[in-house]
Number of protein chains: 2
Amino acid sequence: MSSTAQTHGRPRRAPTMADVAQRAGVSHQTVSRVLSNHPNVRDTTRAEVQRAIDELGYRRNSSARALVTRRTLTLGVVACNPTLFGPASMLFGLEEAARDEGYMASAVTLRRYTAKALEEAIDHLSEWGVEGIVVIVPHREAVAALAELRLPFPVVTVEGGHTLPIPGVSVDQELGARLATGHLLGAGHRTVWHVAGPPDWLEAEARVKGWRETLEEAGAEVPPPLVGDWTPLSGYRAGQELAGRVAAGSARRSAADVTAVFVANDQMALGVLRAFREAGLSVPGQVAIAGFDDIPEAEFFAPPLTTVRQDFAAVGQASIRLLVDRLEAGGLPDDERVVIEPRLIVRRSSTLT
Amino acid sequence: MSSTAQTHGRPRRAPTMADVAQRAGVSHQTVSRVLSNHPNVRDTTRAEVQRAIDELGYRRNSSARALVTRRTLTLGVVACNPTLFGPASMLFGLEEAARDEGYMASAVTLRRYTAKALEEAIDHLSEWGVEGIVVIVPHREAVAALAELRLPFPVVTVEGGHTLPIPGVSVDQELGARLATGHLLGAGHRTVWHVAGPPDWLEAEARVKGWRETLEEAGAEVPPPLVGDWTPLSGYRAGQELAGRVAAGSARRSAADVTAVFVANDQMALGVLRAFREAGLSVPGQVAIAGFDDIPEAEFFAPPLTTVRQDFAAVGQASIRLLVDRLEAGGLPDDERVVIEPRLIVRRSSTLT
DNA sequence: ACAAACTCTGTGAACGCTAACAATGACACT
DNA sequence: AGTGTCATTGTTAGCGTTCACAGAGTTTGT
């Protein structure tokens with residue numbers, strides 16, 4: 001099967017289809033037919049060709065093939081810092097889904113989301129002949145930049161918001177925020193504070209919106225959200241800030257006292273937990289906390305973290321599906337959306353047992 | 001107004017070099033020269049060609065180019081589950097390094113490390129014409145399988161051990177384990193327990209070795225290592241086991257009492273921390289702990305975790321370097337090794353202040 | 001002034017494959 | 001026998017580049 005052993009004589013040059021043809025005593029076209037499983041090849045011929053292929057360790061030259069078929073079977077992915085759990089999982093799912101569809105996925109990762117970086121990444125990909133790309137753009141400026149570009153191949157966004165005439169997939173961030181906030185309110189808290197992500201991230205914005213609206217609908221006061229940058233450190237700082245506002249002892253309680261916090265991702269929630277711990281506050285005793293993402297560590301935080309789980313694999317599959325559909329059929333609508341529903345995972349950090 | 005608007009909307013077919021040539025009034029060869037920055041082109045000609053290129057939005061066809069130059073400028077990467085911090089960081093560094101060298105990196109991710117999965121992944125990559133591959137194989141069976149394959153292109157391993165005649169990059173896991181273990185011994189502990197990774201992982205094995213030898217050299221007793229599978233849950237279970245052996249109160253102390261634990265990765269260390277917390281044990285008060293990896297969360301664990309940091313970006317760069325060298329020169333040694341030194345990061349989990 | 005060198009540009013032939021069509025032989029049916 | 005159909009195989013013509021070389025101008029040296 002993979003006995004590509006031609007290490008014997010001289011590995012001069014990779015064998016070509018003509019070499020195989022000659023060895024099997026047929027024309028190169030017959031070899032081509034065997035390779036592409038064309039039905040009209042006699043069994044004995046097929047076997048002989050196959051034997052020649054195996055003996056020579058022949059592999060089709062993908063460039064020549066791509067040149068004539070005008071199909072590179074390659075998809076591009078533009079992603080952001082994939083050391084974060086979310087983006088990494090998405091990339092993983094994306095690549096796997098592409099492979100299942102018979103495509104190769106090539107990712108370019110961005111350190112920062114600027115219009116220029118995005119453009120360069122797309123440039124780099126199209127230089128290599130991708131047939132289409134998936135852009136993971138949870139960032140406002142990047143989305144705007146993407147809208148400007150007129151690309152000669154299909155594009156699908158992930159978490160790119162729903163304002164562009166570009167097909168896209170996203171998790172319902174707003175719903176996720178509603179689930180978390182509603183859960184905390186349901187546990188009897190007068191209101192829920194929020195540690196938000198960076199304001200230029202669409203996901204952060206949507207989570208703020210879901211949180212705010214849930215509070216408003218419940219007639220609860222809406223405290224000013226604190227702002228972090230997704231890192232544990234920023235959560236820690238926000239946590240220190242919040243710790244100062246927790247009602248000390250059973251002194252005069254005001255509606256603005258911090259008794260519940262919805263943190264926009266798990267890493268920041270970890271920082272908040274540390275700040276509270278250092279301030280001597282008990283979670284969930286004095287303050288209840290919920291996060292977002294359900295990173296593998298969340299279950300083992302102190303205490304285990306209530307959070308919102310996103311199905312990244314589903315997002316990856318859906319976006320590849322959207323892209324491949326556009327490659328193989330044509331004229332599909334530019335405003336197709338797939339929305340994946342998140343799920344609330346309740347753990348100790350929000351429940352007084 | 002004919003309905004065959006060809007200059008309107010999107011052009012029927014991507015412009016070719018001949019189109020550019022015609023528009024600029026030169027031959028296709030001159031266009032090629034402009035594109036590859038050949039010096040012998042008159043400035044005015046170059047400008048005209050450039051203008052035609054811009055106007056048509058021309059891009060070189062990578063397949064045609066690859067066909068004739070026999071260079072696809074594509075590298076393959078075989079990685080394992082990249083939702084773990086280490087592998088993801090490595091992938092990120094690898095891709096970036098490849099891009100800097102003018103190559104495109106395409107990754108295939110494995111759910112599990114079996115010889116078959118590895119072979120399929122490599123097969124998938126060579127189907128797309130990669131010029132060489134980086135295989136991240138911290139797994140014994142996979143390394144063995146890789147050694148069997150005779151591939152028609154250069155291969156570089158990452159964390160693949162040093163037994164194969166294949167160039168490779170790795171972090172000095174043994175040294176990392178020595179640093180952590182030595183640090184704990186240096187803090188006055190009689191011995192150090194160990195929660196190891198899965199035995200079929202080379203990294204796990206090397207960390208066990210470094211730990212064991214450090215103890216032996218210090219004349220300390222070597223307790224039996226517990227075994228986990230890198231997940232927080234497995235660490236939690238190991239932690240419960242260890243918690244039972246911590247000297248209760250100041251009762252009779254034996255040399256086998258657990259006072260310090262070196263855990264083979266941070267995620268498991270998190271599980272251990274939780275188990276100890278639940279058992280009412282204080283860290284570092286009663287037990288000191290050190291992990292491995294320095295994931296971004298480690299600093300915010302309860303307490304902040306002493307751990308060993310690996311420079312994944314450096315690993316990525318070194319492996320691409322190794323690979324590209326073999327692509328561009330030839331006849332380089334098959335046993336070249338690059339070893340990256342890890343660094344101990346001391347935090348509260350191991351220090352009584 | 002003439003050959004030699006150098007600069008710039010064009011021509012034709014690959015590169016290895018697939019698509020379209022042509023050719024061959026076997027078989028069945030008038 | 002003559003014709004049509006089908007299964008199987010071969011032939012030819014590109015796909016869009018780069019490479020090797022040839023040609024046309026232009027400069028240089030003597």
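Chain identifiers are assigned alphabetically (A, B, ...) following the order of the sequence lines, protein sequences preceding nucleic acid strands; residue numbering begins at 1 within each chain. Please read these numbers as outputs of a predicted model, since none were measured by experiment.
When distances run from any side-chain atom of A/S32 to the nucleotides C/dG16, C/dT18, D/dT18, the shortest one goes to C/dT18. When each of D/dT18, C/dT9, C/dC17 is scored by its nearest atom to the side-chain atoms of B/R42, the top-ranked nucleotide is C/dT9. With D/dT17, C/dC17, C/dG10 as the candidates, the nucleotide lying closest to the side chain of B/R60 is D/dT17. The side chain of B/T16 has D/dG16 as its nearest neighbour among C/dT11, D/dG16, C/dA20.
Taking side-chain N and O atoms only, B/R70 has a distance below 4.0 Å to OP1 or OP2 of C/dG16. Within the structure, a side-chain polar atom (N or O) of A/T30 is placed less than 4.0 Å from OP1 or OP2 of D/dG10.
Between the side chains of B/T109 and A/E95, at least one donor-acceptor pair of N or O atoms lies under 3.5 Å.
When the C1' atom of D/dG10 is taken as reference, atom NE2 of A/H38 falls 13 Å away, rounded to whole Å. Rounded to whole Å, the distance from CG on A/N61 to P on C/dA14 is 18 Å. Per the geometry, NE2 belonging to A/H28 stands 13 Å off P belonging to C/dG16, to the nearest Å. For A/Q29 and C/dA22, the CD to P distance is 15 Å, given to the nearest whole Å. Following rounding to the nearest Å, B/L73 (CG) and D/dT17 (P) show an atom-to-atom distance of 15 Å. Rounded to whole angstrom, the span from the CG atom of A/D19 across to the C1' atom of C/dG16 amounts to 10 Å. One can place CZ of B/R46 at 13 Å from C1' of C/dT7, the figure rounded to the nearest angstrom. If you measure from atom CG of A/N40 to atom P of C/dA26, you get 17 Å, rounded to the nearest angstrom.
If you find the closest nucleotide of DNA chain C to A/L67 and to B/V26, the one lying nearer the 5' end belongs to B/V26.
Contacts of A/S36 with the nucleic acid, taken as non-hydrogen atoms under 4.0 Å apart, are absent. Within the 4.0 angstrom heavy-atom criterion, base atoms lie near A/S27. B/R33 comes within contact range of at least one nucleobase, with a heavy-atom separation under 4.0 Å. Among the heavy atoms of the strands, none lies under 4.0 Å from B/S63.
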Next on the checklist: Checking A/E336 against A/R326 for the salt bridge (charged side-chain N to carboxylate O under 4.0 Å, His left out) test, could you report, in this order, the C-alpha distance in whole Å, the side-chain angles of both residues, the deciding distance, and whether it holds?
Outcome noted: CA-CA 11 Å; A/E336 191 171 346; A/R326 273 155 189 75; 2.9 Å; yes

Item to check | salt bridge (charged side-chain N to carboxylate O under 4.0 Å, His left out) between A/R111 and B/E96, worked out | outcome: CA-CA 10 Å; A/R111 280 207 179 285; B/E96 204 167 31; 2.8 Å; yes

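Between A/R321 and A/E101 a salt bridge is recorded (basic side-chain N to carboxylate O distance below 4.0 Å).
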